[in-house]
Protein chains: 2
Amino acid sequence: MSKNMKAQKAEETRSILLKEAENLFALRGYDAVSVDDICQAAGVSKGGFYHHFSSKEALFLELLDRWLSHLDEELLKIESSTSTVEEAIARMTDVAGYVIEQAEGSYGILFEFWNKARHEEKIWQSAVSYFERYRKFFLKILKKGRENGEFQPFDLELYSQIMVSLAVGVFLQAALDPRGSDWKASLRRMIGIILKELKSAQA
Amino acid sequence: MSKNMKAQKAEETRSILLKEAENLFALRGYDAVSVDDICQAAGVSKGGFYHHFSSKEALFLELLDRWLSHLDEELLKIESSTSTVEEAIARMTDVAGYVIEQAEGSYGILFEFWNKARHEEKIWQSAVSYFERYRKFFLKILKKGRENGEFQPFDLELYSQIMVSLAVGVFLQAALDPRGSDWKASLRRMIGIILKELKSAQA
DNA sequence: TTTCACAAACCGACTGGTCGGTATATTACC
DNA sequence: GGTAATATACCGACCAGTCGGTTTGTGAAA
């Protein structure tokens with residue numbers, strides 16, 4: 001232990017609180033989870049909690065930030081590391097599939113974000129801008145495909161909206177009913193159909 | 001006043017409570033709305049509230065029932081009154097558009113249903129069966145189209161899943177950001193594209 | 001037609017309990 | 001000894017639901 005044992009332990013306490021809170025929020029919802037619940041799950045006292053976070057809401061916002069920056073990283077990785085357009089779309093679909101998978105193991109925290117977004121300005125802005133970014137990212141890829149001659153040159157805005165809407169719709173159903181279908185595979189096939197259409201359609 | 005003034009008044013009180021509660025739930029969410037809030041909005045005392053409803057939850061369930069049976073009625077109407085498959089799909093899309101429109105004027109109560117569904121078995125069953133019914137209804141229409149020779153004979157299950165997912169995804173985005181786009185028109189165009197694909201695709 | 005007993009409708013103060021957050025004490029590392 | 005980290009006891013606000021009591025239409029007897 002080279003440096004500061006105490007600070008290290010504190011960091012750990014903090015991340016345990018975050019992890020347990022995320023679990024509980026995803027499982028039972030923000031409102032139904034009390035600070036005491038989080039403390040108990042994390043094995044930390046209330047004083048400890050409020051030493052690390054100024055409020056329950058602040059912790060929630062930090063979870064949101066982490067999620068969004070994680071997704072941003074993924075988008076950047078895709079942008080920089082894929083060569084063909086088709087491959088980029090496939091990777092995007094995989095990311096969406098990953099999100100869907102997280103909804104399975106009690107990790108439906110994204111749903112909780114959307115839910116709170118309806119009633120809290122700050123979170124709302126994050127959520128809306130996230131959809132926007134996702135859609136624009138798809139659009140950028142599609143435009144690149146058009147320039148390559150891979151896709152027909154029309155209505156790309158609508159097509160990117162379709163892809164995001166499909167992902168959102170599938171995610172919501174998956175969050176609600178994880179075992180109702182193989183959602184990840186469904187989404188992949190859906191996107192496949194849209195892509196095929198894009199390639200063959202006449203304007 | 002022919003019959004029973006008192007019963008009539010009571011009925012009115014009850015429906016005012018339902019209406020105001022629906023408004024408030026849609027606007028601020030189930031948890032954030034107290035029974036006192038509902039009573040105040042409706043101009044009814046707490047005793048009055050509990051005279052009509054056994055609990056806050058019971059009122060919520062009644063709202064859910066009303067919504068679902070309303071949608072069922074619409075589906076039945078479509079089934080019995082449309083002749084061509086294309087027309088049926090257009091009408092389905094209109095119904096979805098109607099739901100989206102309701103999300104605009106603070107009537108995002110459907111979102112509240114989905115949200116509660118995650119944590120309450122009873123509501124969850126309703127929500128899941130509703131998706132199921134919606135998808136099966138689309139499928140039935142598509143199969144009819146296949147028999148007519150209007151559509152190609154393959155993958156209809158996936159196509160009906162696509163349509164429902166699109167509707168759900170668009171609805172969620174519309175509930176979150178009503179003015180972000182003309183969601184109703186978007187959905188119509190999206191469904192149009194899927195239909196075109198269905199007609200022309202080769203298996 | 002008037003009276004009156006009854007029940008449905010309604011009222012609002014109150015209760016038991018929960019929850020987010022705070023104030024204060026204690027510990028352990030620097 | 002001072003400071004960051006953690007613990008414990010506690011506060012005030014709120015909230016779903018209860019309860020004893022009051023109003024008001026109704027229907028039947030007088």
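Numbers restart at 1 for each chain; the letters A, B, ... are given by sequence-line order, proteins then strands.
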Protein-to-nucleotide contact annotation, 5' to 3' order, nucleotides 9-23 of chain D [B base; S sugar-phosphate only; - none; under 4.0 Å, heavy atom]: ------SBBB-----
So, is Thr13(A) near the phosphate of dA5(D), with a side-chain N or O under 4.0 Å from OP1 or OP2? no
Rounded to whole angstroms, how far apart are CZ on Phe53(A) and C1' on dT22(C)? 18 Å
Can you check the Leu59(A) CG to dG20(C) P distance for me, whole Å? 12 Å
Rounded to the nearest Å, what distance is computed from the CD atom of residue Gln8(B) to the P atom of nucleotide dC10(C)? 13 Å
Do Asp37(B) and Ser34(B) get their side chains close enough for a donor-acceptor pair, meaning under 3.5 Å? yes
For residues Ala127(A) and Trp114(A), report the shortest heavy-atom separation together with the two atoms involved. CB-CD1, 4.4 Å
Look at the side-chain N and O atoms of His52(B) and state whether any lies under 4.0 Å from the OP1 or OP2 oxygen of dC10(C). yes
Given atom CD of Glu12(B) and atom C1' of dA8(C), what is their separation to the nearest angstrom? 16 Å
Count the heavy atoms of every other residue, nucleotide or ligand shown that sit under 6.0 Å from NZ of Lys56(B), and state whether that count exceeds 12. yes
In terms of side-chain geometry, is the basic nitrogen of Glu79(B) or Lys144(B) positioned less than 4.0 Å from the acidic oxygen of its partner? no
Ring pair (Phe, Tyr, Trp, His ring centres under 6.0 Å) assessment of Tyr130(B) paired with Trp67(B): CA-CA 11 Å; Tyr130(B) 160 70; Trp67(B) 248 94; 8.6 Å; no
Does a side-chain N or O from His51(A) land closer than 4.0 Å to OP1 or OP2 of dA5(D), or not? yes
Is it true that, when you exclude Gln40(A) itself, more than 12 heavy atoms of the residues, nucleotides or ligands shown sit nearer than 6.0 Å to its CD? no
